[in-house]
Amino acid sequence: MKILAVSFGRKGQNCDVIAKEALLGARELGAEVRFLNTSNLLIRSCVGCFGCSHSRERGGDGLCVLKDDMRQVEDAILDADGVILVAPVYSVGPNGQFKCLVDRMGLSHDRAFSDLARSQIEAAGGNPEEVMDMRVFKDRYLGLVSVGGASDEGWTSLGLPNMHLIAFSMQMPVVDQLNVYDTNILVNPVFHENLLARIHQLGCHVASAVGAPDKYQVPYMGDHPGVCPACHNNLLQVEEGTRVSCPVCGMRGELSVQEGQIVVEFPLEEFRHSRMRYGGVKEHMEELLSIGQRIPEETKEKRSGLKQCMKRYDGITDAWN
Ligand SMILES: Cc1cc2nc3c(=O)[nH]c(=O)nc-3n(C[C@H](O)[C@H](O)[C@H](O)COP(=O)(O)O)c2cc1C
């Protein structure tokens with residue numbers, strides 16, 4: 001069993017300590033552990049070229065075309081059976097480098113598209129192992145830790161929810177999560193026995209999930225179940241009337257107030273649409289694959305006149321070019 005911990009914080013600071021402590025927990029359960037700090041790595045922002053998906057469509061490896069340190073992080077994640085991600089909170093959410101990784105891993109490692117590519121290669125008589133990185137099909141579990149400096153937890157509210165965005169494309173269940181805040185006053189987690197014990201436990205939780213017969217049946221081991229039963233986050237998006245949705249995983253439910261408490265009921269069938277379940281990413285893949293058929297004829301016809309229409313912006317040029 002291989003457990004990887006990735007710290008997106010400063011070298012030797014809070015995120016590193018938390019990542020290493022979680023690895024000590026995983027090691028206790030017999031894991032081979034590996035630590036990676038990304039602060040000196042260059043992980044460029046996705047440029048939206050669709051190079052990865054075009055390559056996959058043509059029976060290629062589907063990897064990102066940008067040449068930077070991303071491959072190193074990607075390879076470490078693919079190699080692991082369990083991954084502990086520890087990211088600092090910058091401006092109320094995880095730092096930008098973390099989101100760069102999410103975007104770069106998302107499309108290129110999407111489980112539904114990878115399954116489709118594999119079946120297409122097989123149908124054409126090819127061997128997917130010769131082209132694809134088969135580690136994308138391996139079950140892999142996540143533990144997430146968001147680390148903020150502020151004493152007011154409210155200043156870390158979008159940390160963990162945003163960290164979940166790395167989970168759905170590769171269908172990696174989050175088995176535990178922890179919001180560590182107040183690091184300015186804590187100085188270093190290593191001084192705080194209870195906190196250290198909880199981080200250690202998170203490492204054990206990730207290791208304990210490895211090898212489960214059904215990854216979607218692994219119990220969530222976090223401290224609070226959260227309002228969303230699929231991703232266990234506590235955010236709600238108000239849609240219409242009493243209808244609400246989980247902005248992280250997309251489940252829809254009905255909100256009511258019962259005995260002074262907010263209660264949200266999510267119908268069971270909504271699990272099928274959650275991005276944290278295979279059905280959710282498959283639905284999205286089908287939506288993307290059908291774009292061509294869904295564009296109205298009149299819009300397609302207008303395409304030939306696009307250049308002419310764009311002339312209205314001629315006076316506004318890119319300041320840098
Ligand atoms: C640019 C920047 C923005 C930050 N914004 C927040 C914030 O919104 N909320 C918060 O709790 N901490 C914020 N912090 C503090 C960091 O989350 C905190 O120092 C954390 O411990 C960094 O992790 P590290 O010690 O592993 O590097 C910010 C730090 C930086 C550098």
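In each ligand, atom 1 is the first atom listed, and ligand 1 is the first ligand listed. This is a predicted model, so every value here is computed, not measured.
Listed by number with element, the atoms of ligand 1 under 4.0 angstrom from any heavy atom of V147 are 17 (O), 20 (C), 21 (O). Near C15, meaning under 4.0 Å from one of its heavy atoms, ligand 1 places the atoms 23 (O), 26 (O). In the vicinity of G9, heavy-atom distances shorter than 4.0 Å reach the ligand 1 atoms 26 (O), 27 (O). Close approach of ligand 1 to S91 (heavy-atom distance below 4.0 Å) involves ligand atoms 3 (C), 4 (C), 5 (N), 6 (C), 7 (C), 8 (O).
Remark: side-chain polar atoms of N234 are not paired, donor with acceptor, to backbone N or O of G226 under 3.5 angstrom. Using modelled atom types, no side-chain atom of S245 and backbone atom of R252 make a donor-acceptor pair closer than 3.5 Å.
Taking the ring-ring contact (aromatic ring centres under 6.0 Å, His included) definition, one finds that F266 meets it with nothing, sequence neighbours left out.
Between N14 and ligand 1, at least one pair of N/O atoms sits closer than 3.5 Å. No N or O atom of T156 sits closer than 3.5 Å to an N or O atom of ligand 1. At a 3.5 angstrom cut-off on N or O pairs, W155 counts as close to ligand 1.
A donor-acceptor contact under 3.5 angstrom links the side chains of D115 and Y278, judged on distance only. Residues Q97 and T38 bring a donor and an acceptor atom of their side chains to less than 3.5 Å of each other.
Protein heavy atom closest to atom 12 (N) of ligand 1, with residue, atom name and distance, is G149 N, 3.0 Å. When only non-hydrogen protein atoms are considered, atom 6 (C) of ligand 1 lies nearest to V89 O, 3.2 Å. If you check which protein heavy atom lies closest to atom 8 (O) of ligand 1, you get V92 N, 2.9 Å. Here the heavy atom of the protein found nearest to atom 2 (C) of ligand 1 is Y90 CD2, 3.6 Å. For atom 25 (O) of ligand 1, the closest non-hydrogen atom of the protein is R10 NH2, 2.7 Å. Scanning the protein for heavy atoms near atom 21 (O) of ligand 1, the closest one is T183 OG1, 2.9 Å. When only non-hydrogen protein atoms are considered, atom 23 (O) of ligand 1 lies nearest to P88 CB, 3.4 Å. Summary of contacts: the protein heavy atom closest to atom 11 (O) of ligand 1 is A150 N, 2.9 Å.
Separation of atoms OH (Y216) and OG (S274) is listed at 9.5 Å; rounding is to 0.5 Å. Atom CG of L4 is separated from atom CG of D81 by 10.5 Å, given to the nearest 0.5 angstrom.
M170 is listed as a side-chain neighbour of M105, based on a closest heavy-atom distance under 4.5 Å. You'll find the side chain of L85 stays beyond 4.5 Å of the side chain of V145, heavy atoms only.
Remark: E269 does not engage R272 in a salt bridge, criterion side-chain N to carboxylate O under 4.0 Å.
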